[in-house]
Amino acid sequence: MIDPKTLRNDAAMVAANLERRGYSFDAAAYAELEARRKQLQTDTEALRQQRNDSAKSIGKAKAQGEDIAPLLAAQKTAGEALSQREVALAEVADALESLQMGLPNLLDDSVPPGRSEDDNLELRRWGEQRSFDFEPRDHVALGEALAQLDFASASRISGSRFAVMRGGLARLQRALIQFMLDMHTREHGYQEVYVPYLVQADALLGTGQLPKFAEDLFKIEDERGFYLIPTAEVPITNLVRGDLLSEADLPMRFAAHTPCFRSEAGSYGQDTRGMIRQHQFEKVELVHIVKPEESDEALDALTGHAEVILQALELPYRVVALCAGDVGFSARKTFDLEVWLPGQQRYREISSCSNCGDFQARRMGTRWRGASGGKPEPVHTLNGSGVAAGRALIAVIENYQQSDGSVVVPDVLRSYMGGIEVLSV
RNA sequence: GGAGAGAUGGCUGAGUGGUCGAAAGCGCUCCCCUGCUAAGGGAGUAUGGGUUAAUAGCCCAUCGAGGGUUCGAAUCCCUCUCUCUCCGCCA
């Protein structure tokens with residue numbers, strides 16, 4: 001969440017910043033609530049001080065064998081006044097907290113203006129779009145012709161927005177995942193982690209998926225309150241929840257492969273063909289925990305690590321800076337990697353790399369303290385896909401297709417494919 | 001699933017109703033001594049919030065979490081979570 005001190009002292013700046021997202025923050029209403037909180041808190045604390053002082057005097061009087069009955073009666077009345085204030089204070093504090101938890105992160109100054117993804121700013125392109133001497137097909141046509149991509153079975157089992165893969169294609173996805181994890185752990189300094197796919201609400205509150213985006217999540221209907229992770233960002237980032245880290249602990253880089261589960265409640269009719277948008281997909285996720293002054297360069301490094309994957313796979317892509325209206329709730333700045341899909345004749349998101357600043361750290365209570373002492377302060381957290389395996393698979397199929405419908409296995413994946421060089425019927 | 005033990009500050013670990021925000025040790029910081037990478041002495045050292053010019057004082061809260069009893073709770077009661085040990089089961 002946004003630093004409560006900033007909210008208190010610089011509400012106009014906050015309102016102006018969030019306005020760029022199209023979010024309207026009622027600074028006046030906040031200030032009023034905050035003023036009530038302050039008054040109630042001051043009153044409550046004064047009453048508590050009186051109670052504590054009296055309780056001590058009672059203890060002393062009793063020790064000296066004096067009659068304490070009248071003192072006790074007075075204390076009891078005072079106690080009732082106090083508990084009334086405490087109830088009122090708790091209500092206001094709750095209201096204030098839920099307001100704070102619902103505010104998106106402040107945007108970095110460098111985030112370009114704009115309302116939707118159409119306004120995102122293209123920063124650079126890599127690779128050449130392949131020219132085909134035949135009409136390139138999309139991954140659905142290719143996969144089904146190979147009898148390795150099976151939406152009919154998936155819908156029989158689970159309904160729409162699921163895929164069944166068979167044979168070489170299933171293996172190709174596994175190869176992609178292995179390749180990506182090996183690259184990040186061997187070349188980019190990440191520690192591989194294995195994490196739970198079921199998490200508690202507190203973890204989702206920490207990274208910002210809750211309380212506002214419950215409709216995007218799958219919740220398990222039993223008394224234990226599990227949610228399926230929508231991204232590995234949630235369990236990985238929460239590895240440091242509540243921690244007080246030392247300077248020597250930082251930076252931390254974690255990588256994990258997990259499935260991701262998304263309800264896609266708000267996306268009816270979008271990307272219904274193929275496996276661009278599924279309820280379940282595989283992703284390799286990268287997370288950095290860093291000192292605040294290092295988070296800007298960490299974002300560049302993180303984005304670069306994801307780019308290396310696409311470069312190694314020789315997949316053409318472009319890097320875009322998300323505009324103000326498209327940056328996610330918890331992020332203050334985001335770069336997306338968009339891979340070229342010949343079947344769609346357009347670039348599609350395959351990685352999203354975000355600097356969340358201290359927003360998640362504040363929610364999670366993750367702080368660090370420098371070697372020279374000083375007060376603990378929130379760390380900065382970053383996350384990015386490195387990259388989405390399902391979409392990487394689509395990109396490989398479409399970019400490496402041949403006129404006969406077979407798909408060449410990219411060089412860097414061959415060692416993971418047990419000698420298979422081409423997927424064919 | 002059954003039985004038992006536990007959860008205290010950066011760490012270890014005392015503390016069973018009042019002067020305990022909390023002994024002691026370790027670690028860390030500063031100072032002193034010491035002609036040397038040893039040892040010793042002294043002081044300091046939790047977090048959040050309020051007040052304030054103040055990272056000075058003063059005040060409030062926090063001893064796994066949430067309720068309760070009490071004038072007063074780390075200490076008593078209830079619920080929950082987690083950890084450990086043993087048994088059972090299982091991948």
Side-chain angles (χ1 to χ4, degrees), chain A residues 1-9 30-101 194-206 220 222-227 235 238-250 252 289 291-292 358-359 361-379:
Chain A
M1 57 190 185
I2 299 172
D3 186 349
K5 284 203 176 87
T6 305
L7 241 29
R8 214 173 293 154
N9 303 328
Y30 183 84
E32 192 185 319
L33 196 59
E34 172 57 26
R36 278 177 58 204
R37 192 221 96 234
K38 189 166 170 174
Q39 186 60 52
L40 278 166
Q41 183 166 333
T42 311
D43 292 355
T44 306
E45 289 186 359
L47 288 172
R48 278 207 272 249
Q49 183 183 353
Q50 284 173 27
R51 181 206 58 193
N52 292 347
D53 290 346
S54 304
K56 278 184 187 169
S57 332
I58 291 172
K60 280 183 192 155
K62 195 178 173 187
Q64 292 169 4
E66 295 171 18
D67 177 20
I68 57 170
L71 295 173
L72 292 185
Q75 266 298 74
K76 193 142 195 165
T77 334
E80 282 156 17
L82 172 59
S83 49
Q84 274 184 5
R85 286 305 161 87
E86 284 178 330
V87 169
L89 175 61
E91 280 173 12
V92 173
D94 282 352
L96 214 46
E97 196 199 338
S98 67
L99 211 160
Q100 287 166 356
M101 288 296 276
Y194 171 79
V195 291
Y197 305 159
L198 301 179
V199 296
Q200 293 292 331
D202 280 347
L204 291 153
L205 285 163
I220 295 184
D222 75 358
E223 67 287 350
R224 287 172 294 189
F226 289 122
Y227 291 83
N238 275 280
L239 286 173
V240 294
R241 183 150 58 106
D243 282 351
L244 177 55
L245 304 168
S246 67
E247 189 159 14
D249 295 328
L250 302 173
M252 294 174 157
I289 312 291
K291 291 191 255 182
D358 63 8
F359 186 83
R362 215 177 279 288
R363 291 171 157 246
M364 296 191 300
T366 305
R367 298 161 303 161
W368 75 293
R369 174 155 44 197
S372 52
K375 298 194 76 169
E377 60 172 333
V379 296

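Numbered from 1 within each chain, the chains take letters A, B, ... in sequence-line order.
- The distance from atom CZ of A:R241 to atom P of B:G64 is 18 Å, rounded to the nearest whole Å.
- Around CD of A:E86, the count of heavy atoms belonging to other residues, nucleotides or ligands within 6.0 Å exceeds 12.
- Taking atom C1' in both B:A24 and B:U45, the straight-line distance is 15 Å, to the nearest Å.
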Taking only N/O atoms, report every protein-nucleotides 65-76 of chain B pair under 3.5 Å with atom names and distance.
| residue | atom | partner | partner atom | Å |
| --- | --- | --- | --- | --- |
| B:C71 | OP2 | A:K76 | NZ | 3.2 |
| B:C71 | O2' | A:Q75 | NE2 | 2.6 |

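- Within 6.0 Å of atom CZ in A:R36, 12 or fewer heavy atoms from other residues, nucleotides or ligands are found, so the atom counts as exposed in its surroundings.
- Atom pair A:N9:CG and B:U52:P shows a separation of 12 Å (rounding to whole Å applied).
- Each of A:T44 and A:L244 was assigned the nucleotide of RNA chain B with the nearest heavy atom; the assignment lying further toward the 5' end belongs to A:L244.
- The CG atom of A:D249 sits 12 Å away from the P atom of B:C11 (whole-angstrom rounding).
- One N or O on the side chain of A:Q75 and one on the backbone of A:R51 form a donor-acceptor pair closer than 3.5 Å.
- Shown here are the side-chain contact (heavy atoms from CB on, under 4.5 Å) partners of A:N9, two or more places apart in sequence or in another chain: A:K5.
- Between A:R85 atom CZ and B:A61 atom C1' the separation is 18 Å, expressed in whole Å.
- The same atom, P, is picked in B:G40 and in B:U16; the two are 32 Å apart, to the nearest Å.
- Nucleotides B:G66 and B:A74 have their P atoms positioned 13 Å apart, rounded to a whole Å.
- Checking side-chain atoms of A:D249 against main-chain N and O of A:S246 turns up a donor-acceptor pair under 3.5 Å.
- To the nearest whole angstrom, the two P atoms, one in B:A22 and one in B:C58, are 12 Å apart.
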Determine, stepwise, if the pair A:Q41 / A:E45 fulfils side-chain hydrogen bond (donor to acceptor under 3.5 Å, both in side chains). CA-CA 6 Å; A:Q41 183 166 333; A:E45 289 186 359; 3.2 Å; yes
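- Between A:L47 atom CG and B:C59 atom P the separation is 16 Å, expressed in whole Å.
- Nucleotides B:A65 and B:U12 place their C1' atoms 24 Å apart, quoted to the nearest Å.
- A heavy-atom distance below 4.5 Å is found between the side chains of A:I289 and A:L245.
- The stretch residues 31-43 of chain A comes close to RNA chain B through A:R37, A:K38, A:Q41, each having a heavy atom under 4.0 Å from the strand.
- Position along RNA chain B of the nearest nucleotide to A:R367 versus A:A46 favours A:R367 as the more 5'-ward residue.
- By the 4.5 Å heavy-atom criterion applied to side chains, A:K56 and A:N52 are not counted as neighbours.
- Residue pairs meeting the ring-ring contact (aromatic ring centres under 6.0 Å, His included) criterion with at least one partner in residues 38-82 of chain A, sequence neighbours excluded, are absent.
- Looking at A:R48, its side chain never comes within 3.5 Å of a backbone N or O of A:L82 through a donor-acceptor pair.
- From A:Q84, atom CD reaches atom CG of A:L47 across 10.0 Å, with rounding to the nearest 0.5 Å.
- Comparing the P positions of B:C30 and B:G17 gives a spacing of 42 Å, expressed to the nearest Å.
- By the side-chain contact (heavy atoms from CB on, under 4.5 Å) test, A:K291 is found to be paired with A:E247, A:L250, A:E293, A:E294, A:W368, residues two or more places apart in sequence or in another chain being considered.
- Separating the P atom of B:U37 from that of B:G44 is a span of 31 Å, rounded to the nearest Å.
- The gap from the P atom of B:G64 to that of B:C28 amounts to 27 Å, rounded to the nearest Å.
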For RNA chain B, the expected dot-bracket line (Watson-Crick or G-U under 3.5 Å, [ ] crossing, | inter-strand) is ((((((((.[[[..)..(.....]]]((((((.......))))))((((((.....)))))).[[[[[..)....]]]]])))))))....
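- Distance A:E377 CD to B:G48 P: 11 Å, rounded to the nearest Å.
- Per the geometry, CG belonging to A:D243 stands 18 Å off P belonging to B:G64, to the nearest Å.
- Using a distance-only test at 3.5 Å, with no hydrogens or angles considered, a donor-acceptor pair links the side chain of A:R363 to the main chain of A:M101.
- Taking atom CG of A:D53 as the reference point, atom P of B:U19 lies 12 Å away to the nearest angstrom.
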